[in-house]
Peer 1: 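Below is one structure. I have some questions about it.
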Amino acid sequence: MFDNITEKVIEDILSADRSILANVLSVNQSDLSPIARQKKFDSRRILDLLYLYQNELLLIELKAVPFYSDIIAQINDYHNELVKLQSQSKLIKTKINKVILVTEARKEHFVECEKEQIKLIKFDVEEVLFKYYQNFRELSAFLKIQPGNWGVVRLYLLKNTLSLFNQGVSIDEICKVENKSIKTIRNRFALASLIGLLEKNKNEYSLTKLGKEVLAADDFTSDERFNVEQFDLVSEFVKDNPFYSQITFSIMSVVDTVFILSKAEYPVKYGNFQDFFVRSLGKEKTWTKPQAQLTGAYHFANYAEELGFIQKVNKHLFLTPKGIQAILIFQLNRSIKLINSRK
């Protein structure tokens, strides 16, 4: 039963990704064209894969097991069925090359197949499975997004910096007014760009439409913090554009992490969240020190809380109504991207 399941999975991969099949066969991918899969004959026999390679047909019999001699009789029967179809003008009349794919084979097996004009090829199940994911990962850009920590512990710290910038104050002057290093202010500008508040043209920053709307929504009740309306504007942008940048994706990944962990335990313990968040985004190899993992997860959890997606209480994380809505949209957008990546 296990072998049958594995065989079906491998066949699905070879059918879906011609580059992997071409690699297994050691042929040029561009010269491969699918003709049939799971082709049923009048005899009720079913061949695995039939491809046109250049001007010849490839009859491929896939076995996710070591070679055994009965496969030869099986593929020869399929070959005879195809020849019959050719004689009935139901299949292109060209040479049919027989190919058997197995996981293991000895030298005498290759000799045995050669006598029957069959090409015997060994393939690695794990390599096929791994390569399929790698190719899928390359097509699915968001799977490669990893968070970067800009050292800005709270989003509200952007408010005064952006307000000064909007007034025409230079970056150097902003450093003096806020008594911060040039690195800190540049990190704030970078973060603001990654959540859609600023845009950069060469070395010049300017406020985006969203950035202008956020500053225009200021009610001046606080010089240091964004008000509820300002945070709502940013949260709507993040919710609607989760793949806009590593920051927007990471904020939504916080919500996604809490949602996943909530299935086992709710509310979610912050320690469990931190560990899963770091590993799910592939940061355990770059945030190698415990302090780096603690800081990175802490910053993004803060952003998600400020935007109203989650709530922290006594070292536990809760999902808010806004967070529930956001995660449903996030999962839908992610599914659409996954589907589109395979077209």
Peer 1: Whether the side chain of Asn241 engages the backbone of Thr248 through a donor-acceptor N/O pair (distance < 3.5 Å, no angle test) should be reported.
Peer 2: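 Side chain of Asn241 to backbone of Thr248: no pair is present.
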Peer 1: Which atom names give the shortest non-hydrogen contact between Asn272 and Leu261, and what distance separates them?
Peer 2: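 Closest approach of Asn272 to Leu261, heavy atoms only: O-CD1, 3.7 Å.
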Peer 1: How close do Cys175 and Ile185 get, counting heavy atoms only, and between which atoms?
Peer 2: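 Nearest heavy atoms, Cys175 then Ile185: SG-CG1, 3.6 Å.
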Peer 1: Measure the acute angle between the ring planes of Phe300 and Tyr303, then classify it against the limits of 30° and 60° as parallel, tilted or perpendicular.
Peer 2: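 Taking Tyr303 first and then Phe300, their aromatic rings stand perpendicular (interplane angle over 60°).
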Peer 1: I'd like to know if the side chain of Glu199 and the backbone of Thr208 have a donor-acceptor N/O pair within less than 3.5 Å.
Peer 2: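 Answer holds: no.
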Peer 1: Under a 3.5 Å distance rule, please check whether Lys131 uses its side chain to pair with a backbone N or O of Asn23 as donor and acceptor.
Peer 2: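 No.
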Peer 1: Take atom CZ in Arg186; do more than 12 heavy atoms of anything else shown fall under 6.0 Å from it?
Peer 2: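 No, the 6.0 Å shell around CZ holds no more than 12 heavy atoms from other groups.
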Peer 1: side-chain contact (heavy atoms from CB on, under 4.5 Å) for Tyr78 and Asp48? Distances and angles first, verdict last.
Peer 2: CA-CA 10 Å; Tyr78 295 156; Asp48 290 336; over 6 Å; no
Peer 1: Taking C-beta and beyond as the side chain, do Arg188 and Thr184 meet within less than 4.5 Å on heavy atoms?
Peer 2: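 Yes, side chains in contact.
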Peer 1: May I ask whether Ile75 and Val111 are part of the same hydrophobic cluster, defined by side-chain heavy atoms of I, L, V, M, F, W, Y residues being less than 4.5 angstrom apart, directly or through others?
Peer 2: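 Unlinked, Ile75 and Val111 end up in two clusters.
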Peer 1: In sequence, state the C-alpha distance, the side-chain angles, and the governing distance for Ile10 and Phe123, and then conclude on side-chain contact (heavy atoms from CB on, under 4.5 Å).
Peer 2: CA-CA 10 Å; Ile10 298 300; Phe123 74 96; 3.9 Å; yes
Peer 1: To the nearest 0.5 Å, what is the distance between CG on Leu49 and CG on Leu58?
Peer 2: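 Rounded to the nearest 0.5 Å, the CG-CG separation comes out at 10.0 Å.
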Peer 1: Yes or no on side chain to side chain donor-acceptor pair (under 3.5 Å) for Tyr270 and Gln274, after CA distance, side-chain angles and deciding distance?
Peer 2: CA-CA 6 Å; Tyr270 186 83; Gln274 178 184 303; 4.7 Å; no
Peer 1: Could you tell me whether Asp12 and Lys8 have a side-chain N and a carboxylate O separated by less than 4.0 Å?
Peer 2: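 Looking at Lys8 together with Asp12, the answer is yes, because their closest N to O distance falls below 4.0 Å.
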Peer 1: Counting N and O atoms only, with roles assigned by atom type, does the side chain of Asp124 sit under 3.5 Å from a partner on the main chain of Glu127, one being a donor and the other an acceptor?
Peer 2: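 Indeed, once roles are kept as given, a pair shorter than 3.5 Å links the two residues.
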Peer 1: So Val238 and Phe330, do their side chains get closer than 4.5 Å, heavy atoms only?
Peer 2: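 A side-chain contact under 4.5 Å is absent here.
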Peer 1: To the nearest 0.5 Å, tell me how far Asp232 CG sits from Phe226 CZ.
Peer 2: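 Answer rounded to 0.5 Å: 12.5 Å.
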Peer 1: Determine whether a donor-acceptor pair (N or O, by modelled atom type, separation under 3.5 Å) exists between the side chain of Lys159 and the backbone of Arg225.
Peer 2: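 Yes; judged by distance alone, with no hydrogens or angles, the pair exists.
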Peer 1: Tell me every residue that passes side chain to side chain contact (heavy atoms under 4.5 Å, CB included) with Gln88, counting only those two or more places apart in sequence or in another chain.
Peer 2: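 Checked Gln88 against side chain to side chain contact (heavy atoms under 4.5 Å, CB included); matches are Lys84, Leu85, Lys90.
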Peer 1: Is there a continuous path of hydrophobic side-chain contacts, each under 4.5 Å between heavy atoms, that joins Ile182 to Phe189?
Peer 2: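 Ile182 clusters together with Phe189.
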Peer 1: With heavy-atom distances below 4.5 Å as the criterion, would you say the side chains of Tyr51 and Pro34 are in contact?
Peer 2: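 Yes, side chains in contact.
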Peer 1: Please name the pair of heavy atoms, one in Ser163 and one in Leu215, separated by the smallest distance, quoted to 0.1 Å.
Peer 2: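 Closest heavy-atom pair between Ser163 and Leu215: OG-CD2, 3.9 Å.
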Peer 1: Would you say that Glu112 contacts Glu116 through its side chain, given a criterion of any heavy-atom pair below 4.5 Å between the two side chains?
Peer 2: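 No - every pair of side-chain heavy atoms lies 4.5 Å or more apart.
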Peer 1: Would a 4.5 Å heavy-atom cut-off, applied to side chains only, mark Leu25 and Ile60 as touching?
Peer 2: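 When only atoms from C-beta onward are counted, Ile60 and Leu25 do touch, with a gap below 4.5 Å.
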Peer 1: Could you check whether atom CD of Glu108 has more than 12 heavy atoms from other residues, nucleotides or ligands sitting under 6.0 Å from it?
Peer 2: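 Yes, the 6.0 Å shell around CD holds more than 12 heavy atoms from other groups.
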Peer 1: Of the non-hydrogen atoms in Ser19 and Gln29, which two are nearest, and what is the gap between them?
Peer 2: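 Minimum heavy-atom contact is CB-OE1, 3.2 Å.
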Peer 1: Following the transitive rule for hydrophobic clusters with a side-chain heavy-atom cut-off under 4.5 Å over Ile, Leu, Val, Met, Phe, Trp and Tyr, establish whether Phe220 and Leu164 coincide in one cluster.
Peer 2: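 No; tracing contacts between hydrophobic side chains, which count when under 4.5 Å, never links both residues.
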Peer 1: Please round to the nearest 0.5 Å and tell me the distance separating atom CG of Asp77 and atom CG of Leu82.
Peer 2: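 The CG atom of Asp77 sits 11.0 Å away from the CG atom of Leu82.
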Peer 1: Kindly indicate, with the supporting measurements, whether the criterion side-chain contact (heavy atoms from CB on, under 4.5 Å) is fulfilled by Leu57 and Leu91.
Peer 2: CA-CA 10 Å; Leu57 290 171; Leu91 182 67; 3.8 Å; yes
Peer 1: Just verifying a value: how many Å separate Leu59 CG and Lys39 NZ, rounded to the nearest 0.5 Å?
Peer 2: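 Output value for this atom pair is 12.5 Å.
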Peer 1: Got more than 12 heavy atoms from elsewhere within 6.0 Å of CD, Glu56?
Peer 2: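 Atom CD in Glu56 is crowded, with more than 12 foreign heavy atoms closer than 6.0 Å.
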Peer 1: Would you say that Leu155 contacts Leu191 through its side chain, given a criterion of any heavy-atom pair below 4.5 Å between the two side chains?
Peer 2: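 A side-chain contact under 4.5 Å exists here.
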Peer 1: Under 3.5 Å, side chain of Arg37 to main-chain N/O of Ser15, donor-acceptor pair present?
Peer 2: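 Not at all, since once roles are kept as given, no pair shorter than 3.5 Å links the two residues.
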Peer 1: Honestly curious: do Val254 and Val153 fall in one hydrophobic cluster under the side-chain, below-4.5 Å linking rule?
Peer 2: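 Yes.
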Peer 1: For Asn302 and Lys312, test the side chains for any donor-to-acceptor distance below 3.5 angstrom and give the result as yes or no.
Peer 2: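 Lys312 and Asn302 do have a side-chain donor-acceptor pair below 3.5 Å.
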Peer 1: How long is the span from the CG atom in Leu319 to the CD atom in Gln325, to the nearest 0.5 Å?
Peer 2: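 So the gap between those two atoms works out to 13.0 Å.
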Peer 1: Are Phe130 and Leu14 connected, step by step, through hydrophobic side chains (Ile, Leu, Val, Met, Phe, Trp, Tyr) whose heavy atoms are closer than 4.5 Å?
Peer 2: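 No, it is not one cluster - the side chains of Phe130 and Leu14 are not joined through contacts under 4.5 Å.
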Peer 1: Please find the pair of heavy atoms, one from Thr103 and one from Lys122, that lie closest to each other, and give the distance.
Peer 2: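 The pair with the smallest heavy-atom distance is O-CD, 4.2 Å.
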Peer 1: For the CG atom on Asn28, are there more than 12 heavy atoms of other groups (residues, nucleotides or ligands in this structure) within a distance under 6.0 Å?
Peer 2: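 Yes.
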Peer 1: I'd like to know if Arg154 pairs up with Glu306 as an ion pair, taking the criterion as any Lys NZ or Arg NE/NH1/NH2 lying under 4.0 Å from an Asp or Glu carboxylate oxygen.
Peer 2: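 Between Glu306 and Arg154 there is no salt bridge, as every charged N stays at least 4.0 Å from the carboxylate O atoms.
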Peer 1: Do other residues, nucleotides or ligands put more than 12 heavy atoms under 6.0 Å from Gln117 CD?
Peer 2: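 No, CD of Gln117 has 12 or fewer neighbouring heavy atoms, counting only those of other groups under 6.0 Å.
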Peer 1: Go through the steps for Asn97 and Tyr53 under the test side-chain contact (heavy atoms from CB on, under 4.5 Å), then give the verdict.
Peer 2: CA-CA 10 Å; Asn97 295 303; Tyr53 177 65; over 6 Å; no
Peer 1: Going from OH on Tyr205 to CD1 on Ile171, what distance comes out if it is rounded to the nearest 0.5 angstrom?
Peer 2: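 Nearest 0.5 Å value for the OH-CD1 distance: 6.5 Å.
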Peer 1: What are the two closest non-hydrogen atoms of Val268 and Ser262, and how far apart are they?
Peer 2: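 Shortest heavy-atom separation between Val268 and Ser262 comes out as CG2-N, 3.8 Å.
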Peer 1: For the residue pair Ile35 and Ile92, establish whether any side-chain heavy-atom pair is separated by less than 4.5 Å.
Peer 2: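 Side chain of Ile35 against side chain of Ile92, heavy atoms only: no contact under 4.5 Å found.
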Peer 1: Please indicate whether Lys322 has more than 12 foreign heavy atoms, meaning atoms of other residues, nucleotides or ligands, lying under 6.0 Å from its NZ.
Peer 2: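 More than 12 heavy atoms, drawn from other residues, nucleotides or ligands, come within 6.0 Å of this atom.
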Peer 1: If you count every heavy atom of other residues, nucleotides or ligands that lies below 6.0 Å from Asp219 atom CG, does the total exceed 12?
Peer 2: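 Atom CG in Asp219 is packed in, count exceeds 12.
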Peer 1: Check the orientation of Tyr266 and Phe318. Use parallel for under 30°, tilted for 30 to 60°, and perpendicular for over 60°.
Peer 2: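 Plane angle over 60°, so perpendicular.
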Peer 1: Is the shortest side-chain heavy-atom distance between Lys269 and His316 below 4.5 Å?
Peer 2: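 Side-chain contact under 4.5 Å: yes.
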